[in-house]
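What follows is a short report on a single structure.
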Amino acid sequence: MQNRKYTLGVDYGTDSVRTMIIDTSNGQIMGQAVALYERWGQGMYCRPEINQFRQHPLDYIEGLKKAIKETVAPLSQEVINGIAAISVATTGSTPIAINKEGTPLAMLPGFEENPHGMFILWKDHTAVGEAKEINELAHQENGVDYTKYSGGEYSSEWFWAKILHTLRVDKKVREAAHSWIEHCDWIPALLTGNTDPLSLKRSRCAAGHKAMWHPDWDGLPPETFWSRLDPLLTGLRERLYKDTYTSDQAVGTISEDWAQILGLPKDVIIGTGSIDAHIGAIGSAIKPYHMVKVIGTSTCDMIVAPTEEIGNKAIRGICGQVDGSILPNMIGLEAGQSAFGDLYAWYRELLLWPANKIIGDSNLLDRETKSKLLEEMADGILTELTLAASKIEIDTSGIIALDWMNGRRTPDSNQNLKGAIQGLTLGTTAPHIFRALVEATAFGSKKIVEQFQAEGVRIDGIIAMGGVAQKSEFVMQILADVLNFPIRIIKSEQTCALGAAMAAAVASGIYNTFLEAQNAMGSGFQKEYYPIPENAKKYMELYDNYNALGHFVETQELQKA
């Protein structure tokens with residue numbers, strides 16, 4: 001083991017932070033841990049009824065300390081001394097307001113409990129109105145369309161819309177905010193000790209996909225655009241950034257304070273941060289024209305293509321195209337669904353409501369029995385629904401559902417859209433509805449595949465990762481049938497952390513390219529799902545019905561607007 005090098009991948013998900021130490025010579029996992037966000041787990045600072053989802057920066061800091069210390073604790077000093085680099089991946093767009101020193105407002109006196117001074121989570125949709133205004137201004141005739149490399153439609157899930165909304169609704173934050181930073185940029189800055197908004201290094205993938213950064217307009221859209229949109233944004237651009245950095249580049253070295261806190265060597269290199277899905281694509285062995293689907297609460301669908309083949313052609317209807325956002329010297333293309341596993345979780349909670357209410361209020365059972373019973377129901381309900389739904393035949397005249405319960409991310413972002421279920425009868429059962437919801441998420445995936453193909457981007461293969469891909473054969477077989485494509489499942493259960501460890505290996509110079517890191521550190525594939533021809537044929541008819549229902553619902557929404 002002498003002179004072996006190890007890297008530490010950090011993956012900030014929606015509910016927890018995961019850390020993993022990898023032997024860069026062979027991909028062996030030396031240690032790993034998961035730390036839940038304490039405040040988030042209690043539902044603090046969130047208001048789902050208005051789509052407000054906020055996370056306190058202390059959840060991120062405490063989670064990082066806990067997870068890394070647990071990961072390092074069982075390791076020998078020889079392994080610890082061999083840790084060469086750390087790279088971080090986070091959800092995005094997840095921005096926060098900061099002061100001149102780069103400190104998040106929620107960590108300052110007077111803002112500790114203010115949700116507007118906290119990280120605005122990726123799935124927060126409170127800025128729908130602001131996104132609409134950005135699009136209207138960007139699409140005005142005779143002007144430059146700054147959304148053209150973001151699929152032609154700016155989303156309420158993204159950087160600028162969230163900033164503008166926050167500035168409008170909270171005067172105190174408006175007066176205190178000097179600049180703004182993405183979660184994936186703040187953690188590396190924190191670890192290096194350089195949180196100066198003007199000199200810390202910003203992520204190319206977050207800037208390009210979420211903030212409309214592009215070389216064509218010398219970085220972020222110009223000051224004239226933002227001041228015209230709203231005077232509240234005047235002067236902000238110059239307090240943000242111009243240059244961006246890809247995930248193969250280092251941002252600096254760990255500070256002495258953080259090296260001591262985490263029990264790590266003082267010469268650990270810190271890599272440029274990334275959005276979790278993008279770094280997960282690296283961990284999933286992405287290669288040109290092979291779509292990587294990160295399937296969890298939502299989905300992120302990514303393709304890389306040679307820069308010379310895509311050039312500056314604007315791919316419409318997706319979440320953006322950025323040179324170097326996933327792999328250096330490749331155009332990274334991103335799309336996705338606003339809800340996938342979240343749709344199943346919503347249905348589970350819907351069915352559990354009567355039990356939680358009636359059993360929770362019952363005097364027939366003691367508190368411990370009620371708690372265990374409700375926990376057993378919550379843990380088992382999706383398993384039972386899956387078992388029953390898998391026995392239901394594909395019915396081309398049956399129930400059709402839309403997967404827009406959290407709006408639509410792609411194709412053509414529209415967070416105002418709502419879900420729908422059609423074809424219910426008195427004979428409809430809970431498993432029937434569950435199967436329709438699973439089929440709806442698969443149909444939403446098919447819309448994305450077709451959008452890429454319609455824009456001239458070919459798809460040669462599909463790779464899937466994430467909790468749903470790993471755990472549900474039922475969902476993945478339906479997805480393969482609907483897409484009519486084989487789907488390979490990555491073996492690693494922590495692919496984003498693995499991808500971050502690979503990025504750290506390249507950023508620190510252990511490997512020169514991501515291909516080298518993938519070949520040495522990759523986990524391989526655990527399974528492949530093949531479409532069943534008979535099912536694929538039936539789903540083509542159901543897909544037509546899905547499109548018809550979607551057209552009707554979207555038309556109704558447009559009429560209301």
May I have the step-by-step check of side chain to side chain contact (heavy atoms under 4.5 Å, CB included) for I295 and L479, ending in yes or no? CA-CA 11 Å; I295 307 176; L479 186 59; 3.8 Å; yes
Test log, rule side-chain hydrogen bond (donor to acceptor under 3.5 Å, both in side chains), inputs D257 and S255: CA-CA 5 Å; D257 287 345; S255 70; 5.4 Å; no
Applying side chain to side chain contact (heavy atoms under 4.5 Å, CB included) to R54 and T126, what does each step give before you reach the verdict? CA-CA 11 Å; R54 308 294 162 88; T126 52; 3.4 Å; yes
Using side chain to side chain contact (heavy atoms under 4.5 Å, CB included), reason through F119 and T90 one step at a time and then give a plain yes or no. CA-CA 12 Å; F119 282 97; T90 77; over 6 Å; no
I would like to know whether L8 and V268 meet side chain to side chain contact (heavy atoms under 4.5 Å, CB included); could you show each step before the answer? CA-CA 10 Å; L8 203 162; V268 171; over 6 Å; no
Go through the steps for D403 and Q337 under the test side-chain hydrogen bond (donor to acceptor under 3.5 Å, both in side chains), then give the verdict. CA-CA 8 Å; D403 55 315; Q337 293 164 266; 3.0 Å; yes
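Atom CD of Q77 is surrounded by more than 12 heavy atoms from other residues, nucleotides or ligands within 6.0 Å. Applying the 6.0 Å contact sphere to NZ of K266 captures no more than 12 heavy atoms from other residues, nucleotides or ligands. Residue K418 places its NZ atom among more than 12 non-hydrogen atoms of other residues, nucleotides or ligands, all under 6.0 Å distant. For CD of E493, the number of neighbouring non-hydrogen atoms (other residues, nucleotides, ligands) closer than 6.0 Å is 12 at most. In the displayed structure, E223 atom CD is contacted under 6.0 Å by more than 12 heavy atoms of other residues, nucleotides or ligands. Atom CG of N329 is surrounded by 12 or fewer heavy atoms from other residues, nucleotides or ligands within 6.0 Å.
Nearest heavy-atom pair, Q415 versus R409, reported as atom, atom and distance to 0.1 Å: OE1-CA, 4.0 Å. The heavy-atom pair separating P188 from V251 by the smallest distance is CB-CG2, 4.0 Å. Nearest heavy-atom pair across P95 and K162 is CD-CD, 3.9 Å. In terms of heavy-atom proximity, V304 sits nearest to M330 at CB-CB, 4.2 Å. Taking both residues in full, the closest heavy atoms of M465 and G280 are given as SD-O, 3.4 Å, listed atom of the first, atom of the second, then distance. The nearest pair of heavy atoms linking A250 to I269 is CB-CG2, 3.6 Å.
Remark: the backbone N or O of I318 is not paired with any side-chain donor or acceptor of T410 at under 3.5 angstrom. The backbone N or O of A335 lies less than 3.5 Å from no partner atom in the side chain of D301, so there is not a single donor-acceptor pair. For the pair S492 (side chain) and Q494 (backbone), a donor-acceptor distance under 3.5 Å is present. Side-chain atoms of T495 do not come within 3.5 Å of backbone N or O of G283 as any donor-acceptor pair. When atom types are taken as modelled, the side chain of D124 and the backbone of F53 share a donor-acceptor pair closer than 3.5 angstrom. Within the 3.5 Å criterion, the main-chain N or O of V79 finds a donor-acceptor partner in the side chain of S76. Judged by distance alone, with hydrogens and angles left aside, the side-chain atoms of T7 form no donor-acceptor pair with the main-chain N or O of A505 at under 3.5 Å. In this structure a side-chain-to-backbone donor-acceptor pair under 3.5 Å is missing from T244 to R204. With T19 contributing its side chain and A67 its backbone, the two residues share a donor-acceptor pair below 3.5 Å. Side chain of D59 to backbone of R39: a donor-acceptor contact under 3.5 angstrom is found.
For the pair F159/Y154, a side-chain contact is recorded, criterion being any heavy-atom separation below 4.5 Å from C-beta on. Within the 4.5 Å cutoff, no side-chain heavy atoms of N99 are placed close to those of F111. Between I22 and I29 the shortest side-chain heavy-atom distance falls below 4.5 Å. Under the 4.5 Å side-chain criterion, counting only non-hydrogen atoms from C-beta, W160 is in contact with L220. For the pair E112/P109, a side-chain contact is recorded, criterion being any heavy-atom separation below 4.5 Å from C-beta on. Counting only heavy atoms from C-beta outward, the side chains of N26 and R4 approach each other to under 4.5 Å. A 4.5 Å side-chain heavy-atom check between I448 and S445 finds every atom pair outside the cut-off. Between Y511 and M521, some side-chain heavy-atom pair lies under the 4.5 Å cut-off.
In this model, a donor atom of one side chain and an acceptor atom of the other lie less than 3.5 Å apart for E182 and S93. T192 and N194 share no donor-acceptor pair across their side chains, judged by distance under 3.5 Å alone. No side-chain donor from either of N406 and D342 sits under 3.5 Å from a side-chain acceptor of the other. If you check the side chains of D248 and T246, you find a donor sitting under 3.5 Å from an acceptor. Counting only N and O atoms by type, the side chains of S413 and E157 include no donor and acceptor under 3.5 Å apart. Using modelled atom types and a 3.5 Å distance limit, the side chains of S179 and R239 yield no donor-acceptor pair. Checked by atom type, the side-chain pair E113/Y45 shows a donor-acceptor distance below 3.5 Å. In this model, no donor atom of one side chain and acceptor atom of the other lie less than 3.5 Å apart for K123 and S298.
The aromatic rings of H209 and H278 sit perpendicular, their planes meeting at an angle over 60°, well past the 30° parallel limit. Relative ring orientation between Y12 and Y37 is described as parallel, the plane-to-plane angle staying below 30° on a 0-90° scale split at 30° and 60°. The aromatic rings of Y146 and W217 sit perpendicular to each other, their planes meeting at more than 60°, with 30° as the lower class boundary. The aromatic rings of Y149 and H214 lie parallel to each other, their planes meeting at an angle below 30°, with 60° marking the opposite boundary.
To the nearest 0.5 angstrom, I462 atom CD1 is 10.0 Å from I489 atom CD1.
F340 meets the ring pair (Phe, Tyr, Trp, His ring centres under 6.0 Å) test with Y344; sequence neighbours excluded.
The pair K210-E334 meets the salt-bridge criterion, since a charged nitrogen lies less than 4.0 angstrom from a carboxylate oxygen.
For Y241 and W213, the gap between ring centers reaches or exceeds 6.0 Å.
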